[in-house]
Amino acid sequence: MNKITNRQVICDTLLEAAKTDRDIVVVCSDSRGSASLSAFAEAFPEQFVEMGIAEQNLVTVSAGLASCGKKVFAASPACFLSTRSYEQAKVDVAYSKTNVTLIGISGGVSYGALGMTHHSCQDIAAFAALPDMRVYLPSDRFQTAKLTKALLRDSLPAYVRVSRSATEDVYGENMEFTLNKANVLMEGDDILLVACGEMVPGAYRAGKILQERGYSVGLLDMYCVKPMDQETLLSAAGRAKLVVTVEEHSPFGGLGSITAQVISAHCPRKVVNLALPDGHLVGGKNTEIFAHYGLDAEGIVRACQEAFEQ
């Protein structure tokens, strides 16, 4: 069982890159421990800025550093980064096209027991609505490392959401990775599963169960929610009778909404969106919340079978 979190992978990747690149700067809002960035702060104190609990300042200072030629990675809990500092993300990062990667740690319901004040179930919709802001939800440690390296090579704004807990491995060290290109994990003609982030391992298990039950199942890891890889999506959806999206997010404005918009415009199919409900969520561990709302493998299988047989 994998014990390495995606947030730890981001730190490890930045640590290695910073050995030869002094322009890499990490900015935190009293979250170096939560973001697993303490090692970076210790190794490169002159390339680390602690803002304290001041998310708006976090984003503005990051944009200022980027305007001076720095490659900035700004980390903060996703629930606060996507709400308290939204105007700064809009104006100072997206509108100004600064080289800032916003890292939303403990995304979705990672802080499950703390309740909706600490849930980030609207961040995909919020950041995807900002012009020139890219939105990424890597699924495992290998994909997270590849994504981080790719973002170090470019200079455009991005939002990356990662979970608090370790995610099951989906790939290996030699995985193929292309920025803004979805990964095809399964191919099938009956049901197409489209998932992102921490939902991908469960969707993969669900796909295998459905295949064992006689369904022809495809699965896309749509880690690049924006820009969405429409070419790969439409190619896979054009073969399927049913499309099912799976996301750790509100049912509005996220992966499901964007996927349905693309499919309805180019190859109309029935699209079922599996997401967190529009309401106050139950408390508990994130895995318990997933099971409660049918976002674990068993819930995905059940929803797919019901929708396909209708």
Peer 1: State whether a side-chain donor-acceptor pair under 3.5 Å links Ser36 with Arg7.
Peer 2: yes
Peer 1: Determine whether Arg205 and Glu298 satisfy the following criterion, salt bridge (Lys or Arg N to Asp or Glu O under 4.0 Å), listing intermediate values before the conclusion.
Peer 2: CA-CA 9 Å; Arg205 292 197 307 275; Glu298 291 73 20; 5.7 Å; no
Peer 1: Keeping Asp140 on the side-chain end and Tyr171 on the backbone end, is there a donor-acceptor pair under 3.5 Å?
Peer 2: yes
Peer 1: What's the shortest heavy-atom distance between Leu255 and Ile124, and which atoms?
Peer 2: N-CG2, 4.4 Å
Peer 1: Would you say the rings of Phe177 and Tyr223 are close, in the sense that their centroids are separated by under 6.0 Å?
Peer 2: yes
Peer 1: Which donor-acceptor pairs under 3.5 Å do the side chains of residues 64-71 make with protein atoms, sequence neighbours left out?
Peer 2:
unit_1: Ser67; atom_1: OG; unit_2: Gly64; atom_2: O; d: 2.6
unit_1: Lys70; atom_1: NZ; unit_2: Asp23; atom_2: OD1; d: 3.3
unit_1: Lys71; atom_1: NZ; unit_2: Asp21; atom_2: OD2; d: 2.6

Peer 1: Test Met222 against every option in Leu193, Val200, Asp229 by the side-chain contact (heavy atoms from CB on, under 4.5 Å) rule and name the one that passes.
Peer 2: Asp229
Peer 1: Is Val100 reachable from Leu130 through a run of I, L, V, M, F, W or Y residues, each pair having side-chain heavy atoms under 4.5 Å apart?
Peer 2: yes
Peer 1: If you compare all heavy atoms of Ser165 against all heavy atoms of Asn286, which two are closest, and at what distance to 0.1 Å?
Peer 2: OG-ND2, 3.4 Å
Peer 1: Just wondering, do Phe73 and Leu14 contact through their side chains at under 4.5 Å, heavy atoms?
Peer 2: yes
Peer 1: Let's go through Asn6 and Glu198 carefully: what are the C-alpha distance in whole Å and the side-chain angles of both, what is the deciding distance for side-chain hydrogen bond (donor to acceptor under 3.5 Å, both in side chains) to 0.1 Å, and is it a yes or a no?
Peer 2: CA-CA 10 Å; Asn6 290 347; Glu198 195 170 357; over 6 Å; no
Peer 1: Judged by atom type as modelled, is there a donor-acceptor pair below 3.5 Å linking the side chain of Glu288 to the main-chain atoms of Lys285?
Peer 2: yes
Peer 1: Can you confirm whether Asp30 sits close enough to Glu50 that some side-chain heavy atom of one is under 4.5 Å from a side-chain heavy atom of the other?
Peer 2: yes
Peer 1: Could you tell me which non-hydrogen atom of Val135 sits nearest to which non-hydrogen atom of Ala128, and how far apart they are?
Peer 2: CG2-N, 3.7 Å
Peer 1: Which heavy-atom pair separates Cys28 from Leu58 by the least distance, and what is that distance?
Peer 2: C-CD1, 3.5 Å
Peer 1: Would you sort out whether Asp132 and Lys226 count as a salt bridge (Lys or Arg N to Asp or Glu O under 4.0 Å), showing the intermediate values?
Peer 2: CA-CA 9 Å; Asp132 297 312; Lys226 182 194 176 188; over 6 Å; no
Peer 1: Assigning hydrophobic clusters by single linkage (Ile, Leu, Val, Met, Phe, Trp, Tyr; side-chain heavy-atom cutoff under 4.5 Å), is Val61 placed with Phe80?
Peer 2: no
Peer 1: Judged by atom type as modelled, is there a donor-acceptor pair below 3.5 Å linking the side chain of Arg269 to the main-chain atoms of Ala240?
Peer 2: yes
Peer 1: Which residues pass the salt bridge (charged side-chain N to carboxylate O under 4.0 Å, His left out) test with Lys149, not counting sequence neighbours?
Peer 2: none
Peer 1: Taking side-chain hydrogen bond (donor to acceptor under 3.5 Å, both in side chains) as the cut-off, I'd like each qualifying pair that reaches into residues 253-264, sequence neighbours left out, listed once.
Peer 2: none
Peer 1: Looking at residues at least two apart in the chain, or sitting in another chain, which of them share a ring-ring contact (aromatic ring centres under 6.0 Å, His included) with Tyr293?
Peer 2: none
Peer 1: Give a yes or no on whether the ring-centroid distance for Phe40 and Phe44 is below 6.0 angstrom.
Peer 2: yes
Peer 1: Taking side chain as C-beta onward, heavy atoms only, is Pro201 less than 4.5 Å from Thr167?
Peer 2: yes
Peer 1: Between Glu176 and Lys146, is there a side-chain N and carboxylate O pair less than 4.0 Å apart?
Peer 2: no
Peer 1: Measure the spacing between CD1 of Ile10 and OG1 of Thr148 and express it to the nearest 0.5 Å.
Peer 2: 4.5 Å
Peer 1: Can you say whether the rings of Tyr159 and Phe127 are parallel (under 30°), tilted (30 to 60°) or perpendicular (over 60°)?
Peer 2: parallel
Peer 1: Check Ala75 against Ser31 and note the closest heavy-atom contact, atom names and distance.
Peer 2: O-OG, 3.1 Å
Peer 1: Does Glu247 use its side chain to pair, donor to acceptor, with the backbone of Gly256 at less than 3.5 Å?
Peer 2: yes
Peer 1: State, with a plain yes or no, whether a side-chain heavy atom of Ser76 is found less than 4.5 Å away from one of Ile105.
Peer 2: no
Peer 1: For residues 301-310, tabulate all N or O donor-acceptor pairs below 3.5 Å that involve a side-chain atom, not counting sequence neighbours.
Peer 2:
unit_1: Gln305; atom_1: OE1; unit_2: Arg213; atom_2: NH1; d: 3.1
unit_1: Glu309; atom_1: OE2; unit_2: Tyr215; atom_2: OH; d: 2.9
unit_1: Gln310; atom_1: OE1; unit_2: Lys270; atom_2: NZ; d: 3.0

Peer 1: I would like to know whether Tyr136 and Asn180 meet side-chain hydrogen bond (donor to acceptor under 3.5 Å, both in side chains); could you show each step before the answer?
Peer 2: CA-CA 9 Å; Tyr136 301 110; Asn180 302 331; 2.6 Å; yes
Peer 1: Do Val170 and Leu179 share a hydrophobic cluster (ILVMFWY, side-chain heavy atoms under 4.5 Å, transitive)?
Peer 2: yes
Peer 1: Any salt bridge linking Asp154 with Arg134? Criterion: basic side-chain nitrogen under 4.0 Å from a carboxylate oxygen.
Peer 2: yes
Peer 1: Taking all non-hydrogen atoms of both residues into account, name the closest pair between Asp123 and Ser120 and its distance.
Peer 2: OD1-O, 3.1 Å
Peer 1: Between Gln47 and Ile24 (side chain of the first, backbone of the second, donor and acceptor by atom type, cut-off under 3.5 Å), is there such a pair?
Peer 2: yes
Peer 1: Could you check whether any side-chain heavy atom of Val160 comes within less than 4.5 Å of a side-chain heavy atom of Pro138, counting everything from C-beta outward?
Peer 2: yes
Peer 1: Using side-chain heavy atoms (C-beta onward) and a distance below 4.5 Å, is Thr83 in contact with Cys79?
Peer 2: no
Peer 1: Does Val225 belong to the same Ile/Leu/Val/Met/Phe/Trp/Tyr cluster as Val93, with side-chain heavy atoms less than 4.5 Å apart forming each link?
Peer 2: yes
Peer 1: Is there a path of hydrophobic side-chain contacts, each under 4.5 Å between heavy atoms of I, L, V, M, F, W or Y residues, that connects Leu185 with Leu274?
Peer 2: yes
Peer 1: Determine, stepwise, if the pair Leu192 / Leu242 fulfils side chain to side chain contact (heavy atoms under 4.5 Å, CB included).
Peer 2: CA-CA 6 Å; Leu192 173 64; Leu242 170 70; over 6 Å; no
Peer 1: Can you tell me which residue pairs pass the side-chain hydrogen bond (donor to acceptor under 3.5 Å, both in side chains) test with a partner in residues 89-100, sequence neighbours excluded?
Peer 2: Thr60-Asp92
Peer 1: Say whether, by atom type as modelled, one donor and one acceptor occur between the side chain of Ser85 and the main chain of Gln88 under 3.5 angstrom.
Peer 2: no
